[in-house]
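Here's the structure, in C-alpha cells; my notes come after.
When reading the values below, keep in mind they use all heavy atoms of this one structure, side chains included, and skip hydrogens, waters and symmetry mates. So you know, we letter chains A, B, ... as the sequences are listed, proteins then strands, and number each from 1. Just so it is clear, the model here is predicted, and its values are computed rather than measured.
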Amino acid sequence: MGKIYTVTSCIVEINRLKRIREAATLAHAADDLVKANKEIDEWMSIAAELKGKYPVLFEALTSQISQDENPEEEIKRLNCAYENGEPNAKQLIREVSDLCLEGFRETMKRVAVTYDSWDWESDFVWSTQVNDVLAKLKSSPFVNSEKGVFAFDAEKVVQTLDLKGKLGLSENNEVPPLTLGRADGTTLYITRDIAYTLWKFKHAKKVINVIGMEQSLAQLQLKIALYAMGCSEYAENLVHFAYNLVTLPGYKMSSRRGHYITFDDVLTEAVQRAYEEVTKRSPLLSEEEKRKIADFVGLGAVRYALVDVDPSKPVMFTWERVLNFETNSAPYVQYTHARACSILRKAEREPETPAFELLTEKLERELIMNLAGFPDMFIEATEYYKPNMIADYANVLADKFNTFYNALPVIKADSQELSDARIALTRAIQIVMHNALNLIGVVAPEKM
RNA sequence: GGGCUCGUAGCCUAGCACGGAUUAAGGUGUCAGCCUUCGGAGCUGAAGAUCGAGGGUUCAAAUCCCUCCGGGCCCGCCA
C-alpha cells in the first residue's frame, strides 16, 4: 500500500509540475519556469529510483494513470463525491482505507498496542457536526469570506478576547488566518478536527491530541477556534502533545518521495538483532526460548527507545541508534529484573515480618527512598506529559539495584534476619521495576 | 520576511516549568581494575563540559530576560 501511494503520488506530482511548466512557458514567467524545472528534476530522479525498485508496479500505475488526462481533477471529483456520500465513492474509499487500517492494526499488534475506539473523520462530514461548526463560526465576528471561501481570523480572536498571555504567545506573534473550506464545498482537515475535538469533549474532560510538531500552528488555530465558539473551558483543557519528526541521515523522511523506513522493518530488525544477541549470550537455550526472549528484548528496546527521549528533541534515525543494545536500557533493566526474580526464586521464602530496621547500609536506604518516590514520579510524569521520566526512573532503580547486588549478599547475608529484610527489599524492587516497565509497555521477564 | 522549536564531554541524553546541597548527572566510546560468592546484557575507578555565543537581572543562572549564531519545522482552497 505504501509503495502504491509513493509511486502514484510521484507520477501525479510530475504531471502537475509539467502542467505548471507549460503554463510558465506560455506566460514567460522565468522564475516560475526555473522553479518548476528544478522540482521536475527532483521528482524525475525519484521516479527513476522508484522505477528501479518496483518496475512492475511502476509500469502498471503509469499506464493506469495516463488513461486519465487530468488525474488531479479526478481525485478532486472523487473527494467531492465521497463527502457528498455517494455510495460508489464511499464504498471505494472506505475499502482502501480499511486495507490501510488493517495493516496498521497488524503492525501495532506486534508491539501490543491496542485502541479503545476508532472514528471516521468523514462521519463528522456526513453528519451535521462539521456544518454546525461552520455555521457557528460564520455567525461569529471572526469569519470573513473571500471569493466564496470562508477564512477564520484567529488573530482577531486573540486580540478581542485578550488571549496572548493565556496562550503563551509573544507580543509579535500574529496568528495567521485559517481557511475553513474549499470553494467546491468540501471540508478541510482542521475544520473537521474542530468538530472532532468538540465530540471528544463530550466523552472526556481533557483532550490530548498527540500530533507532530509540524502541526503546531494548526493545533493553535484549532484551540483559538474553540475560544471563538465560546468553548473556552474546552480550549483550556485541550493539549497538543507535539513530537518531533525523525529524520534520516542526509534527507528527511517523506513517504511521498519514498524516503522512509517502516515501523515493521524496525521491529523485524530489532527482534532479529536480539535473537543474535541471545544466541551469543545463552547458546544452550532451546530454540523456542531464544525466540521468546528475542521477541520481548527486541520489542522492549524499540519501545524504550521511543519513550526514552524528550519528544520535542529532533532525532536522527540510524539503525545503530535504535538497535544498539548497549546504549538502550531496556535489555539492561529487563536483565536486572530477571536477576531480582532469580534471587527471589532461590530464596524460596517470602518473609512475613521482615526487620526492615536492619537495612542500615547507605545503598539500602537509597533504594528504599527510590521506591518511596515512585508514586510521585508517576504523578509528575503524567502531569507534565513526560513518559520519559518513567523510563529514566526504571533505569536509575536498576542501576542502584545492580550496585546493591554486587556489594551486599541477599541470600547469604550474615544473619537470617538480615537476609529476610534484604529479600523483602529485593521483592519490593522487583515489583516496582515490573510496574515501571509495564507503564512504558516493556515486558518485565522472570528469566532471560 | 515573520513565527515556533532544538543546541549540555568524541557521540547520545537528564537537569530548565519551581534559580540555590550542582564540585553540572547518566550512558556510550577510550583507558585501568573485578573472572573463589545470589545470572558478567553486571560491578569499581580514571580521563573527558568555559551547559551554542555575547550581554543583562540576582547575593546566586544550564535554569529567568534581551541580542546574535547554527539545525529543524510552520506561515496551503494539503494533512
Checklist entry - Just how far, in rounded Å, is C1' of B:C12 from CG of A:L323? => result 15 Å
Next on the checklist: Whether A:R339 contacts B:A41 is assessed here as follows: a side-chain N or O lying under 4.0 Å from the phosphate OP1 or OP2. Is that the case?
Outcome noted: no
Checklist entry - Given B:G15, B:A41, B:G3, which nucleotide is nearest the side-chain atoms of A:N172? => result B:G3
Checklist entry - Where does the angle between the aromatic ring planes of A:F104 and A:Y115 fall among parallel (under 30°), tilted (30 to 60°) and perpendicular (over 60°)? => result tilted
Checklist entry - Salt bridge check: are A:E236 and A:K223 linked by an N-O gap of less than 4.0 Å? => result no
Checklist entry - Below 4.0 angstrom, N of the basic side chain to O of the carboxylate: do A:E289 and A:K447 qualify? => result no
Next on the checklist: Rounded to whole Å, please give me the gap between NZ in A:K400 and P in B:G42.
Outcome noted: 17 Å
Next on the checklist: What contact category does A:V278 fall into here, base, sugar-phosphate, or nothing, at under 4.0 angstrom with non-hydrogen atoms?
Outcome noted: base
Next on the checklist: Please classify the nucleic acid contact of A:L408 as base, sugar-phosphate, or nothing, using heavy-atom distances under 4.0 Å.
Outcome noted: base
Item to check | Candidates B:C4, B:C38, B:C16 - which lies nearest the side chain of A:K313 | outcome: B:C16
Next on the checklist: By the 4.0 Å heavy-atom rule, please label A:T403 as base, sugar-phosphate, or nothing.
Outcome noted: sugar-phosphate
Item to check | Within 6.0 Å of CD in A:E121, more than 12 heavy atoms from elsewhere | outcome: yes
Next on the checklist: In this structure, how many angstroms lie between the P atom of B:A21 and the CD atom of A:E366, rounded?
Outcome noted: 18 Å
Next on the checklist: It should be established whether A:S216 places a side-chain nitrogen or oxygen under 4.0 Å from OP1 or OP2 of nucleotide B:U5.
Outcome noted: no
Item to check | Among A:V158, A:L137, A:T160, the one residue meeting side chain to side chain contact (heavy atoms under 4.5 Å, CB included) with A:F142 | outcome: A:T160
Next on the checklist: Taking only the P atom of each, what is the distance from B:U57 to B:C18 in whole angstrom?
Outcome noted: 22 Å
Give every pair of a protein N or O atom and an N or O atom of nucleotides 70-79 of chain B that lie under 3.5 Å apart, one pair per line with the distance.
residue: B:C73; atom: OP1; partner: A:K252; partner atom: NZ; Å: 2.9
residue: B:C77; atom: OP2; partner: A:T179; partner atom: OG1; Å: 3.2
residue: B:C77; atom: O2; partner: A:A183; partner atom: N; Å: 2.6
residue: B:C78; atom: OP2; partner: A:R182; partner atom: NE; Å: 2.3
residue: B:C78; atom: OP2; partner: A:R182; partner atom: NH2; Å: 2.7
residue: B:A79; atom: OP1; partner: A:R182; partner atom: NH2; Å: 3.2
residue: B:A79; atom: OP2; partner: A:Y189; partner atom: N; Å: 3.1

Checklist entry - Roughly how far apart, to the nearest Å, are B:G7 and B:G45 at atom P? => result 30 Å
Next on the checklist: Between B:A14 and B:C6, how far apart are the two P atoms, rounded to whole Å?
Outcome noted: 11 Å
Checklist entry - Quick one: which of B:C38, B:C43, B:G3 gets closest to the side chain of A:Y405? => result B:C38
Next on the checklist: Say we look at B:A32 and B:A47: how far apart would their P atoms be, to the nearest angstrom?
Outcome noted: 15 Å
Checklist entry - If you check the A:E380 side chain, which of B:C6, B:G3, B:A17 turns out closest? => result B:A17
Item to check | Inter-nucleotide C1' distance (B:C68, B:G29), Å rounded | outcome: 34 Å
Checklist entry - If you measure from the C1' atom in B:A49 to the same atom in B:U22, how many Å do you get, rounded? => result 13 Å
Checklist entry - What class does the angle between the rings of A:W199 and A:F124 fall in, given that below 30° is parallel, 30 to 60° is tilted and above 60° is perpendicular? => result perpendicular
Item to check | Nucleotide-level pairing of RNA chain B, given in dot-bracket where Watson-Crick and G-U pairs need both distances under 3.5 Å and | marks other strands | outcome: (((((((..((((......[....)))).(((((.......))))).....(((((..]....))))))))))))....
Next on the checklist: Regarding A:M448, tell me which of base, sugar-phosphate or nothing describes its non-hydrogen contacts under 4.0 Å with the strands shown.
Outcome noted: base
Item to check | Interatomic distance, A:Y304 OH vs B:U13 C1' [rounded to whole Å] | outcome: 11 Å
Item to check | Spacing of the C1' atoms in B:C43 and B:A21 (rounded, Å) | outcome: 28 Å
Checklist entry - Using atom C1' of each nucleotide, how far apart are B:C74 and B:U13 to the nearest Å? => result 27 Å
Checklist entry - Between A:M377 (CE) and B:G15 (P), how many Å, whole number? => result 13 Å
Next on the checklist: Reading RNA chain B from 5' onward, which residue's closest nucleotide shows up sooner: A:S312 or A:I343?
Outcome noted: A:S312
Checklist entry - Does A:R256 make a cation-pi contact with A:Y5, if we ask for NZ or CZ under 6.0 Å from the ring centre and within 45° of the axis? => result no
Item to check | Salt bridge present between A:R291 and A:E288 (N-O < 4.0 angstrom) | outcome: no
Checklist entry - Base, sugar-phosphate, or nothing: which does A:A242 touch, judged by heavy atoms less than 4.0 Å apart? => result nothing
Checklist entry - Between A:R105 and A:E102, is there a side-chain N and carboxylate O pair less than 4.0 Å apart? => result no
Checklist entry - Does A:K386 have a side-chain nitrogen or oxygen under 4.0 Å from the phosphate oxygens OP1 or OP2 of B:G15? => result yes
Item to check | Cationic N near anionic O, under 4.0 Å, A:K90 to A:D123 | outcome: no
Checklist entry - Salt bridge check: are A:R273 and A:E276 linked by an N-O gap of less than 4.0 Å? => result no
Item to check | A:Y384 OH to B:C16 P, straight-line distance once rounded to whole Å | outcome: 10 Å
Checklist entry - Rounded to whole angstroms, how far apart are NE2 on A:H337 and C1' on B:A41? => result 16 Å
Item to check | Atom CD of A:E352 with >12 non-hydrogen neighbours under 6.0 angstrom | outcome: no
Next on the checklist: Counting the atoms with a prime plus P, OP1 and OP2 as sugar-phosphate, which does A:T336 contact under 4.0 Å by heavy atoms, base, sugar-phosphate, or nothing?
Outcome noted: nothing
Item to check | Under 4.0 Å protein heavy-atom contacts per nucleotide of nucleotides 24-34 of chain B, with B for base, S for backbone only and - for none | outcome: ---SS------
Checklist entry - What do you reckon, are the aromatic ring centroids of A:Y196 and A:W120 less than 6.0 Å apart? => result no
Checklist entry - Can you check whether A:W319 and A:F317 have ring centres sitting under 6.0 Å from each other? => result yes
Next on the checklist: Taking any heavy-atom pair under 4.0 Å as a contact, classify A:E446: base, sugar-phosphate, or nothing.
Outcome noted: base
Next on the checklist: Expressed as a whole number of angstroms, how long is the span from A:L167:CG to B:G3:P?
Outcome noted: 17 Å
